[in-house]
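Since the structure comes first, as structure tokens, the remarks are kept for the end.
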Protein chains: 2
Amino acid sequence: MEDNSDLQWFWDTLDAHLSRQQLKQTKQRKVIVEHFLRLARHVDAEDLYRRVRGKGFKIGLATIYRTLNLLRDADLVTQHSFTDGRAIFEIKRPGTHHDHMVCSLCGIIQEFENDQIEVLQSKVAEDHGFTLTSHRLDLFGVCRGCHNEQSQQ
Amino acid sequence: MEDNSDLQWFWDTLDAHLSRQQLKQTKQRKVIVEHFLRLARHVDAEDLYRRVRGKGFKIGLATIYRTLNLLRDADLVTQHSFTDGRAIFEIKRPGTHHDHMVCSLCGIIQEFENDQIEVLQSKVAEDHGFTLTSHRLDLFGVCRGCHNEQSQQ
DNA sequence: GTTGATGCAAAGCATTTGCAATATC
DNA sequence: GATATTGCAAATGCTTTGCATCAAC
């Protein structure tokens, strides 16, 4: 779970981005971001929309998308695309990096870090004359929980 | 470049799949597959559609999609999704595996293999109690050619 | 009072699907 | 002749956009 007090940097960076770009602080943006920060780590637009509507706010889905795109532009969230066509958004903490492991059965997303893999990736890129800017490593499989359920049947 | 004579296994596997599933051999499928095999290694539906139409065949885009999905179901092609929303299809040779490096400037896709990375992935999955079924590793960056062009300006 | 933001409905885009006509087995 | 396939247009699912209204600066 995320402690909201840790997230001051998020709001600060957002404020900085808004004023730098001459964008406005609005009630909708505040509400959407508040709920985004409280939701699970990996969220899609529809999740966020349902949550916000469920709490009684009359905010359109387009505004959810526009706000998530704003956060992406401010480099505050990362946008992923795992199994289906949906975009998944995740808070991006400066200076951190991790990859993802997705369970094909329950859809749970686990994060992991592996420096050795990172080093090897850089080496591969270098060997091929590539100047690496980013990468994406997703592992797909069955998580322990689902695996146990399967074997009990 | 691909030597077509190497691809007998592809046609054989396809024939086997068709008869096993009680599907029919049609002119459209033949034409689409022939052109798919002659095109670049990484192809999207629109590429294939344009190529086939350009050669004078009156085949609908839906049939292209249906055929590519058929090949996917027959385990003869892999479906990727790199930068944009398009699906990219690639011949899948049995017993081979590689990952991809994509140039953000010219879009060129280079393949690479790295056994050490594969081993580390299995280890990571195991450490997290995951039964690994597949993975996706894409590196993004600037290829040598584009990098040289940039520095000359 | 300017300028950007919102909500809604409409448009986009890649892909899939329903259906009547047609080709394959 | 039964059944799968095709082409087309319409539908889909996610996301973006146009525009008139509204809120923030």
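Since the model is a prediction, treat every value here as computed from it, not as a measurement. Chain A is the first sequence line, chain B the second, and so forth, proteins listed ahead of strands; every chain is numbered from 1.
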Would you call the rings of A:His80 and A:His42 parallel, tilted or perpendicular if under 30° counts as parallel and over 60° as perpendicular?
-> tilted

State yes or no: are the ring centers of B:Phe140 and A:His135 separated by less than 6.0 Å?
-> no

B:Ile88 CD1 to C:dT15 P, straight-line distance once rounded to whole Å = 9 Å

No-hydrogen, no-angle side-chain donor-acceptor test under 3.5 Å, A:Asn69 and A:Arg66 | no

Would A:His100 and A:Phe112 satisfy ring pair (Phe, Tyr, Trp, His ring centres under 6.0 Å), going step by step from the backbone distance to the final call?
-> CA-CA 6 Å; A:His100 298 88; A:Phe112 69 90; 8.0 Å; no

Kindly say whether the aromatic ring centers of A:His128 and A:Phe130 come within a distance under 6.0 Å.
-> no

B:Asp73 atom CG is separated from C:dT15 atom P, nearest whole Å, by 15 Å

In whole Å, what is the span from the CD atom of A:Glu46 to the C1' atom of D:dG13?
-> 10 Å

Using a strict cut-off of less than 4.0 Å between a Lys/Arg side-chain nitrogen and an Asp/Glu carboxylate oxygen, indicate whether B:Asp127 and B:Lys123 qualify as a salt bridge.
-> yes

Given the rule in the side chain to side chain contact (heavy atoms under 4.5 Å, CB included) test, do B:Trp11 and B:Leu37 qualify, once you have shown the distances and angles that lead to the verdict?
-> CA-CA 10 Å; B:Trp11 290 103; B:Leu37 294 178; 3.5 Å; yes

Are any of the side-chain nitrogens in B:Arg41 or B:Glu111 under 4.0 Å away from the carboxylate oxygens of its partner?
-> yes

Under 4.0 Å between a side-chain N/O of B:Asn69 and OP1 or OP2 of C:dT16, yes or no?
-> yes

Answer yes or no: does a side-chain N or O of B:Tyr65 lie under 4.0 Å from OP1 or OP2 of C:dT15?
-> yes

Scan residues 77-84 of chain A against DNA chain C and write down, sorted by residue number, each residue with any heavy atom closer than 4.0 Å; if none is found, say none.
-> none

Nucleotide D:dG13, atom P - distance to CZ of B:Arg86 in whole Å | 22 Å

Nucleotides 1-11 of chain C: protein proximity per nucleotide (B base, S sugar-phosphate only, - neither; heavy atom, under 4.0 Å) | --BSSBBB---

